[in-house]
Amino acid sequence: MIHSFALHVPDADLVPEPLDAAQIVSGSPEVTGKVVWESEDGRQVRGIWQITPGVVTDTEADEMFVVLSGSATVEVEDGPTLHVGPGDMAVLREGDRTTWTVHETLRKVYAINL
């Protein structure tokens with residue numbers, strides 16, 4: 001059982017999460033992250049994610065996130081363009097195809113439902 005906890009996110013140590021080369025549109029973005037909680041059935045995940053500048057594509061899960069630092073433009077195919085920076089909350093729908101243009105190294109906390 002995982003008990004309640006607190007974590008100072010700006011100082012949290014993250015581990016490399018290699019990007020699939022097919023996702024990289026431009027630049028040399030690097031991703032790091034850390035799962036801080038996962039439900040017993042693996043369908044709910046909470047964590048921290050960071051990406052350095054560049055442009056990448058992704059297919060999203062059902063996710064809510066809050067940006068702690070950095071900035072990006074997230075273009076949702078057949079949907080809105082989101083401009084996110086510190087303090088912004090965003091919601092992505094499962095299956096959204098996105099293009100992330102990361103302007104400054106972006107760190108976010110997220111909650112994903114699978």
Side-chain angles (χ1 to χ4, degrees):
M1 174 200 287
I2 297 176
H3 296 279
S4 298
F5 64 94
L7 175 66
H8 189 68
V9 176
D11 297 332
D13 289 327
L14 307 180
V15 297
E17 296 181 0
L19 278 169
D20 180 340
Q23 290 181 267
I24 300 172
V25 175
S26 67
S28 300
E30 296 180 4
V31 172
T32 54
K34 178 177 188 161
V35 171
V36 298
W37 180 86
E38 186 173 341
S39 63
E40 288 185 26
D41 63 4
R43 297 184 49 85
Q44 296 180 29
V45 181
R46 311 296 185 247
I48 305 164
W49 186 82
Q50 181 170 288
I51 186 169
T52 62
V55 180
V56 299
T57 60
D58 200 10
T59 301
E60 304 296 338
D62 176 17
E63 176 182 2
M64 185 279 298
F65 66 87
V66 176
V67 176
L68 299 172
S69 60
S71 64
T73 302
V74 183
E75 296 174 61
V76 179
E77 187 176 284
D78 299 322
T81 296
L82 312 174
H83 302 280
V84 296
D88 290 334
M89 181 185 85
V91 174
L92 299 171
R93 297 173 307 153
E94 181 177 4
D96 278 346
R97 296 180 55 82
T98 56
T99 300
W100 290 68
T101 302
V102 180
H103 311 291
E104 300 172 76
T105 297
L106 182 136
R107 183 175 282 214
K108 67 179 185 177
V109 292
Y110 64 83
I112 293 175
N113 295 313
L114 302 171

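Side-chain atoms are counted along with the backbone in the values below, which use heavy atoms only and exclude waters and symmetry mates.
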Run the side-chain contact (heavy atoms from CB on, under 4.5 Å) test on Val56 and Val31 for me, step by step, so that the C-alpha distance in whole Å, both residues' side-chain angles and the decisive distance to 0.1 Å come before the verdict. CA-CA 11 Å; Val56 299; Val31 172; over 6 Å; no
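Remark: Pro18 pairs with no residue by the side-chain contact (heavy atoms from CB on, under 4.5 Å) rule, at least two apart or across chains. Taking Trp100 as the reference, Glu60, Thr98 meet the side-chain hydrogen bond (donor to acceptor under 3.5 Å, both in side chains) condition, with sequence neighbours excluded. Partners of Arg46 under the salt bridge (Lys or Arg N to Asp or Glu O under 4.0 Å) rule, at least two apart in sequence or in another chain, do not exist in this structure. Taking the side-chain contact (heavy atoms from CB on, under 4.5 Å) definition, one finds that Thr59 meets it with Arg97, sequence neighbours left out. Qualifying side-chain contact (heavy atoms from CB on, under 4.5 Å) partners for Pro53, counting only residues two or more places apart in sequence or in other chains: Thr105. Judged as a side-chain hydrogen bond (donor to acceptor under 3.5 Å, both in side chains), and not counting sequence neighbours, the contacts of Asp41 are Ser39.
In this structure, Tyr110 and Val35 approach most closely via the heavy-atom pair OH-CG2, 3.8 Å. Residues Val102 and Ala72 share a closest heavy-atom pair of CA-CB, 4.0 Å. The shortest heavy-atom contact between Pro29 and Leu19 is O-CD1, 3.7 Å.
Applying the salt bridge (Lys or Arg N to Asp or Glu O under 4.0 Å) test to pairs two or more places apart or on separate chains, those with a residue in residues 103-114 are Glu63-Lys108. A salt bridge (Lys or Arg N to Asp or Glu O under 4.0 Å) check over residues 14-33, counting only residues at least two apart or in different chains, returns nothing.
In the hydrophobic clustering of ILVMFWY residues, with side-chain heavy atoms under 4.5 Å counting as a link, Val109 and Val15 come out apart. Ile51 and Leu68 are assigned to two separate hydrophobic clusters, defined by single-linkage of ILVMFWY side chains at heavy-atom distances under 4.5 Å. If you chain together hydrophobic residues whose side chains sit under 4.5 Å apart, Val45 and Val36 never meet in one group.
The shortest distance between side-chain heavy atoms of Ile48 and Leu7 falls below 4.5 Å.
Taking CZ of Arg43 as the start and CG of Leu114 as the end, the distance is 7.0 Å to the nearest 0.5 Å. The CH2 atom of Trp49 sits 10.0 Å away from atom CD1 of Ile112, with the distance rounded to the nearest 0.5 Å.
At distances below 3.5 Å, at least one donor-acceptor pair connects side-chain atoms of Gln23 with backbone N or O atoms of Thr57.
For Asp78, the CG atom sits in a loose shell: 12 or fewer heavy atoms of surrounding residues, nucleotides or ligands are nearer than 6.0 Å.
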Report, one line per pair, each donor and acceptor closer than 3.5 Å where one atom sits in a side chain of residues 85-96; sequence neighbours left out.
unit_1 : atom_1 : unit_2 : atom_2 : d
Asp88  : OD2    : Gly85  : N      : 2.8
Arg93  : NE     : Asp96  : OD1    : 3.4
Arg93  : NH2    : Asp96  : OD1    : 3.0
Asp96  : OD2    : Arg93  : N      : 2.9

